[in-house]
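Reviewing the structure listed below.
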Number of protein chains: 2
Amino acid sequence: METIAENQKVRTVKKLEKMFGHIDFKNPPELCPVRDVMSVASDQWSTLILLWLGYFPVLRFNKLKKYVYGISNKVLSQRLKVLEADGYIQRKAYPEVPIRVEYSLTAFGRSYVEKLLDLAEWMHDNSPKVMANREKYGLL
Amino acid sequence: METIAENQKVRTVKKLEKMFGHIDFKNPPELCPVRDVMSVASDQWSTLILLWLGYFPVLRFNKLKKYVYGISNKVLSQRLKVLEADGYIQRKAYPEVPIRVEYSLTAFGRSYVEKLLDLAEWMHDNSPKVMANREKYGLL
DNA sequence: CAGTATCCCCCGGGATACTG
DNA sequence: CAGTATCCCGGGGGATACTG
């Protein structure tokens, strides 16, 4: 029990070292790839799109729009394009009339969704706690 | 090897079921707590703040501002307030002159940073791949 | 030092209409 | 059906100056 917690802590520190240990605080990199990647992949809408594509192997534009409720045409097509460019999803168009387009995760995208899902699950499980905290804070 | 991958897949599907299985697609909830919590906790600036607070147990306003380079006064204090309200961090003010204020993670915040860190690590490790994808896509 | 207060700007993104 | 094209708006957020 104690050792498990200890191990977790050690691993956490290791990861933090890995991410932050090498940064020169005097001269912060003006272009941080991690920030860049993050800005695409962990954007609100993108997250939802990816999770739904994790749930359904293949989705078409309008289905996606229904599941990611609240998203507009513009933003959806925008996000899809970027997610495709970054290699998370793939677009397959069938030259029928009317045209049919199918979106699905790439292997790379699937590996990301796996991670993403851990986080989403945490939020799912802990949102009541957050709400409670928020409530309590409001009363102070 | 094969079974490990299989197991991973099964677990992923389980999680997706848990998150999406119960949603009524006809009547999407107009207020989704997960989205709400997500909008705070996985905001760009908040993420960086939390990660730095994972790295340094205690940080003061101006230190934080230096590490989370690029953030403005306004946004930093805004995010700190929200993160405190949601229970991720705690604020401790010492009535000295000039005043000293220390921010640190709560236990709850630490549990979140753990998850967050997994994702951040993934991005750290995979950002080259994303950049390569992006490059290649640009050439098409 | 740790923030507020103020001003201002810009663009993300919604709504709608349209097209191949 | 799967998007683009346009228009338009609000407010998120940057810069700066100020204060307890």
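In what follows, every chain begins at residue 1, and chains take the letters A, B, ... in the order their sequences are listed.
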TODO: Could you give me the CA-CA distance, side-chain angles and deciding distance for Phe20(B) and Tyr67(A), then say whether ring pair (Phe, Tyr, Trp, His ring centres under 6.0 Å) is met?
DONE: CA-CA 10 Å; Phe20(B) 292 122; Tyr67(A) 293 140; 8.7 Å; no
Open item on the list: Any base atoms under 4.0 Å from Lys65(A), or only sugar-phosphate, or nothing? Heavy atoms, all strands.
Closed with: nothing
Open item on the list: Go nucleotide by nucleotide along DNA chain C from the 5' end; which of Ile99(A) and Asp43(A) gets its closest nucleotide reached first?
Closed with: Asp43(A)
Open item on the list: Defining pairs by Watson-Crick or G-U wobble geometry with both distances under 3.5 Å, how would you list the stems of DNA chain C with at least three pairs each?
Closed with: C:1-20 with D:1-20
Open item on the list: Within the 4.0 Å heavy-atom criterion, would you say Tyr94(A) contacts the bases, only the backbone, or no part of the nucleic acid?
Closed with: nothing
Task: Six-ring centre of Tyr69(A), Arg35(B) cation under 6.0 angstrom, axis tolerance 45° - done: yes
Task: Backbone N/O of Tyr88(B) and side chain of Asp86(B): donor-acceptor pair under 3.5 Å - done: no
Task: Note: Asp36(B)-Arg134(A) ion pair, threshold 4.0 Å (strictly below) - done: yes
Open item on the list: Once you apply a heavy-atom cut-off of 4.0 Å, does Lys81(A) come out as touching a base, just sugar-phosphate, or nothing?
Closed with: sugar-phosphate
Task: Protein-nucleotide distance (Lys74(A), atom NZ; dC9(D), atom C1'), rounded to Å - done: 11 Å
Task: Start and end of the DNA chain C segment that chain A contacts, any atom under 4.0 Å from a heavy atom - done: dG13(C) to dG20(C)
Open item on the list: Can you tell whether the side chains of Glu84(A) and Arg91(A) come within less than 4.0 Å, N to carboxylate O?
Closed with: no
Open item on the list: Assuming nearest nucleotide by heavy-atom distance, tell me which of Asn73(B) and Arg79(B) is located more 5' along DNA chain D.
Closed with: Arg79(B)
